[in-house]
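So the structure is just underneath, and the comments pick up after that.
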Number of protein chains: 2
Amino acid sequence: MRGATMTRRGRGHLANDSWEALLTAHAVLMKRFAAAPIWDEVSMREYDVLYTLAKQDRPIRLGELNRNVLLSQPALSRLVERLADRGLVERAPDPADGRGVRLALTEAGREQQRRTGRRHAADVAREVGAALGDEEMRTLEALTRKLAGQDRPSGEAEEENR
Amino acid sequence: MRGATMTRRGRGHLANDSWEALLTAHAVLMKRFAAAPIWDEVSMREYDVLYTLAKQDRPIRLGELNRNVLLSQPALSRLVERLADRGLVERAPDPADGRGVRLALTEAGREQQRRTGRRHAADVAREVGAALGDEEMRTLEALTRKLAGQDRPSGEAEEENR
DNA sequence: CCGATGTTCATGCGTTTGCATCTACCTCAA
DNA sequence: TTGAGGTAGATGCAAACGCATGAACATCGG
């Protein structure tokens, strides 16, 4: 006899259903966050870059940044250029690699990130905190970390260490 | 024993950490999916619209669609217009509301969604399936569904204009 | 040392997006 | 019925994006 047809579906369906649920949660919450009146100085995408740079303890490369930001390389290059023009990001040539650029926040950029981040974090805490309990948040973090931290099953090689 | 202050601070961090982890997972997987050679006919954003329409059993409104798609209303309006020009989506005036439009897939649109969806679902199943076990996927789905919140929590610290 | 190949970021260009605004329609109170 | 106010979607326009490609540098085999 076949498996029960109640809620039993294949692994593929499980994977797709969970991914769809994640996408929905992402879209719904992003829309709520975008509606907050805190993006008058930096846009959400710009904040994404500022936040990623703020997490680093030393300058990072553009390509490195591009792994965390959902933008094409040219688009990110120009976004960084705009942030540099506004004095929020500093672009310096990489002494170890003449092709590369080393990106870091300026003091103004760090301050801007803190200011926007403080307000945005409150929204995140309110929305996520209202939906999930402590243990659920911990579980969600663990699962999404695991989801992101996978090696590619097929494709070209990627340097993990240095 | 009480720890109100610490609890609130801790919850805020929990919420922000889990949200950041979700964002990272979203960005990382989206980049992998985008790299797949299956978007030659419809882009990921177009597919998002086709998929959302495919899930509906009857025509939906643009604003309704816009709640699921992470685009501004004008951008979505024009995206739908392009899809309609390509014969994938049908736009009909809503008999119940002269302002609205009723959106539905054409037969070609449904077929296109199925074709792209089949290939994309394989990628999703491979990536997500490789990272999480069955029970983990079920848990992730449950948590992200809860996070998306069919109903907004009452007693919001926002504007109660309802 | 040299040329071939790969990598990193920037630039040209057509397309798409967001913001502000407009039009058309709905709702409701007077 | 009518007009004020609200809502749904479309449109003008500048900004931003993705794709293809270019320029500069790195790497490696011969």
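Residue numbers begin at 1 in each chain, while the letters A, B, ... track the order of the sequences. FYI, side chains are in, hydrogens and waters are out, and symmetry mates aren't considered; it's all heavy atoms of this structure.
- Regarding B:R67, its CZ atom lies at a distance of 14 Å from the P atom of D:dT7, rounded to whole Å.
- Base engagement by A:R78 is indicated by at least one non-hydrogen atom pair under 4.0 Å involving a base atom.
- At whole-Å resolution of the value, CG in A:N66 and C1' in D:dG18 are 12 Å apart.
- A salt bridge does not link A:R45 with A:D48: every distance from a Lys NZ or Arg NE/NH1/NH2 to an Asp or Glu carboxylate oxygen is 4.0 Å or more.
- Once you apply a 4.0 Å limit to the heavy atoms of chain B, the touched nucleotides of DNA chain C run 5' to 3' over C:dT16 to C:dC26.
- Residue B:L79 contributes atom CG, which lies 17 Å from atom P of D:dC17 at whole-angstrom precision.
- In this structure, B:D85 places its CG atom 12 Å from P of D:dA10, rounding to the nearest Å.
- Between the CE atom of B:M44 and the P atom of D:dG18 there is a distance of 12 Å, rounded to whole Å.
- Note on A:R82: only backbone sugar-phosphate atoms sit closer than 4.0 angstrom, heavy atoms only; bases stay farther off.
- When the nearest nucleotides of DNA chain D are assigned to A:Q73 and B:G63 by heavy-atom distance, the more 5′-ward of the two goes with B:G63.
- The base of D:dA10 lies outside donor-acceptor range of the side chain of B:E81, with no N or O pair under 3.5 Å.
- Using a cutoff of 4.0 Å between basic side-chain nitrogens and carboxylate oxygens, B:R119 and B:D40 are scored as salt-bridged.
- Summary of the strand contacts: A:R99 and A:P74 both lie near DNA chain C, and taking for each the nucleotide with the nearest heavy atom, the more 5' one is attributed to A:R99.
- Between B:L140 and B:E136 the shortest side-chain heavy-atom distance does not fall below 4.5 Å.
- Under the side chain to side chain contact (heavy atoms under 4.5 Å, CB included) criterion, A:A104 pairs with A:P59, not counting sequence neighbours.
- If you check every strand for non-hydrogen atoms under 4.0 Å, B:D97 touches sugar and phosphate atoms only.
- A heavy-atom distance below 4.5 Å is found between the side chains of B:L147 and A:L29.
- Among the heavy atoms of the strands lying under 4.0 Å from B:R91 are primed sugar atoms or P, OP1, OP2 only; no base atom is included.
- Between A:R45 and D:dC17 there is a side-chain polar atom (N or O) within less than 4.0 angstrom of OP1 or OP2.
- D:dA16 atom P lies 17 Å from atom CG of B:L71, rounded to whole Å.
- Straight-line distance from the CG atom of A:D94 to the P atom of D:dA24: 18 Å, rounded to whole Å.
- Remark: side-chain polar atoms of B:S18 are not paired, donor with acceptor, to backbone N or O of A:R138 under 3.5 angstrom.
- When rounded to the nearest whole Å, the span between CG of A:D48 and C1' of D:dA16 equals 16 Å.
- Residues B:A75 and A:L70 both approach DNA chain D. Their nearest nucleotides, taken by heavy-atom distance, put B:A75 toward the 5′ side.
- Between the side chain of A:N16 and the backbone N or O of A:G12, at least one donor-acceptor pair lies under 3.5 Å.
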